[in-house]
Visitor: 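Got a structure for you, written out below as structure tokens; questions coming shortly.
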Amino acid sequence: MEKRIKIAVQKSGRLYEGTIKLLTECGLSISNGHNRLVDRPTNFPIDLLYLRDDDIPKYVEDKIADIGIVGENVVYEKNKTVNIIRKLGFAKCRLSIAIPKTEVYTGLDFLSGKKIATSYSKIVSDFLKEKGINADIHEISGSVEIAPAINLADVIIDLVSTGSTLIGNGLKEVETILNSEAVIISNPLLDENEMSIVNKLLFRIEAVSKSKKYRYLLLNAPESSVNEIINLVPGMKSPTIMPLAKSGWCSMHSVVEEDKFWDVIDNLKLLGAEGILIIPIEKMIL
Ligand code: PRT
Ligand code: ZN
């Protein structure tokens with residue numbers, strides 16, 4: 001029987017959509033996670049286990065799942081024996097210190113002797129220890145942002161993405177102690193067969209994430225500009241160049257990094273390029 005491995009993913013919540021989108025883009029045929037505990041794609045040897053995100057590091061440490069997708073914040077907080085093998089670029093957020101907006105923040109010494117509410121007591125206590133600050137950590141599992149208003153704490157340390165929850169609760173963000181995004185974690189003791197399946201998945205993730213960074217570029221150029229355009233958009237190996245029916249002109253195909261293409265296009269126009277098309281790439285294998 002074909003060897004299969006298991007990946008632990010969040011059953012529902014902020015990681016769910018990004019995780020399913022990524023695995024689907026990697027070609028896994030996933031049915032409907034929300035209503036199931038396990039999913040068994042028929043076209044790839046990885047079974048999905050749907051869990052609460054907090055449980056994922058432990059399941060991976062115990063090898064109930066071989067790998068998992070979870071936020072870095074949870075990995076550090078749970079402190080299990082797992083390896084982070086790839087950052088995934090979604091569910092980005094930061095663990096930040098926030099105080100009532102009327103208070104004046106004087107730097108980290110502001111925290112000395114204060115009562116800090118957080119759901120991340122391990123990360124926070126490590127941070128305080130490293131900075132040599134004595135404060136009283138009050139662990140709560142949800143709605144941390146209301147703690148100052150009900151006199152449960154003077155300070156909170158919580159996840160922030162847009163910042164609107166803090167503002168809505170009369171708080172201001174004063175310092176970030178950790179940046180986080182979704183990552184793949186793995187059990188450190190995978191055998192060769194298991195690693196080869198993980199590597200197959202990582203290869204596909206790489207192809208998907210590269211394709212998002214690049215766009216396919218098509219344009220018509222006067223032959224006299226071809227060399228300069230090649231320098232501008234060298235592509236993967238080199239651009240494809242085909243003659244047009246109109247003499248003195250050719251069609252060029254290349255790839256260009258998404259965050260550079262507006263600058264590139266301005267320069268292409270100066271070189272006489274016309275009919276410029278920018279097309280998304282679905283997968284990219286170098
Ligand atoms: O049910 P389960 O235990 O699986 O999920 P959960 O409720 O514990 O976690 P969930 O789904 O809320 O978050 C999962 C992961 O998403 C977190 O561990 C982070 O890695 C990541 N993430 C990204 C966030 C946020 N952004 C985020 N904004 N997790 C939580 N928040 C919360 C934050 O705690 C605060 O209450 O959103 C609020 C702040 O948001 P803004 O936009 O107002 O700043
Ligand atoms: Zn959770």
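Read the numbers this way: they start at 1 and go in the same order the structure lists the ligands and their atoms. Just the heavy atoms: all of them, side chains too, but no hydrogens, waters or symmetry mates, feed the values below.
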Visitor: As a test of the contact definition, would atom 7 (O) of ligand 1 count as having a protein heavy-atom neighbour under 4.0 Å?
Guide: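 Answer no: nothing from the protein, no heavy atom, is under 4.0 Å.
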Visitor: Please list the nearest protein heavy atom to atom 17 (C) of ligand 1 with its residue and the distance rounded to 0.1 Å.
Guide: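 Atom 17 (C) of ligand 1 sits closest to the protein heavy atom N73 ND2, 3.7 Å.
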Visitor: Of the backbone atoms (N, CA, C, O) and the side-chain heavy atoms from C-beta on, which set of R14 has a member under 4.0 Å from an atom of ligand 1: side chain, backbone, both, or neither?
Guide: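 It is both backbone and side chain that touch ligand 1.
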Visitor: Which option wins on minimum heavy-atom distance to atom 28 (N) of ligand 1: S161, A98, G163, S96?
Guide: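 Comparing heavy atoms across S161, A98, G163, S96, the nearest one to atom 28 (N) of ligand 1 lies in S161.
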Visitor: So which bit of V74 gets within less than 4.0 Å of ligand 1, heavy atoms only: side chain, backbone, both or neither?
Guide: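 Side chain only; the backbone of V74 stays clear of ligand 1.
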Visitor: Where does T162 meet ligand 1, judged by heavy-atom distances below 4.0 Å: at the side chain, the backbone, both, or neither?
Guide: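 Looking at T162 and ligand 1, atoms from backbone and side chain both fall under 4.0 Å.
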Visitor: Verify, without hydrogens or angle tests, whether D62 (side chain) and I64 (backbone) share a donor-acceptor contact under 3.5 angstrom.
Guide: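 Checking the backbone N and O of I64 against the side chain of D62, no donor-acceptor pair under 3.5 Å is found.
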Visitor: Does N134 use its side chain to pair, donor to acceptor, with the backbone of S112 at less than 3.5 Å?
Guide: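 No.
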Visitor: Using only atom types and a distance under 3.5 Å, with no angle test, would you say the side chain of E72 pairs donor to acceptor with the backbone of E181?
Guide: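 Between the backbone of E181 and the side chain of E72 there is a qualifying donor-acceptor contact (under 3.5 Å).
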Visitor: Which atom pair, heavy atoms only, marks the closest approach of G71 to L15?
Guide: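 Smallest interatomic distance, heavy atoms only, reads N-CD1, 3.9 Å.
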Visitor: So for ligand 1, is C93 a polar contact partner (N or O within less than 3.5 Å, distance only)?
Guide: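 Not met; the criterion fails.
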Visitor: Between T176 (side chain only) and L178 (backbone N and O only), is there a donor and an acceptor less than 3.5 Å apart?
Guide: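 Checked: no pair found.
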Visitor: Looking only at non-hydrogen atoms, find the nearest pair between Q10 and I56 and report the distance.
Guide: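 Heavy atoms only, the tightest pair is N-CD1, 3.8 Å.
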Visitor: Numbering the atoms of ligand 1 from 1, which are under 4.0 Å from a heavy atom of G71?
Guide: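 Contacts of ligand 1 toward G71, numbered from 1: 20 (O).
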Visitor: Atom CG of D126 and atom CD of E77: how far apart are they, to the nearest 0.5 Å?
Guide: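 CD of E77 is found 8.5 Å from CG of D126.
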Visitor: Should D54 be counted as touching ligand 1, given the test is an N or O pair under 3.5 Å?
Guide: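 N/O-N/O distance below 3.5 Å exists for this pair.
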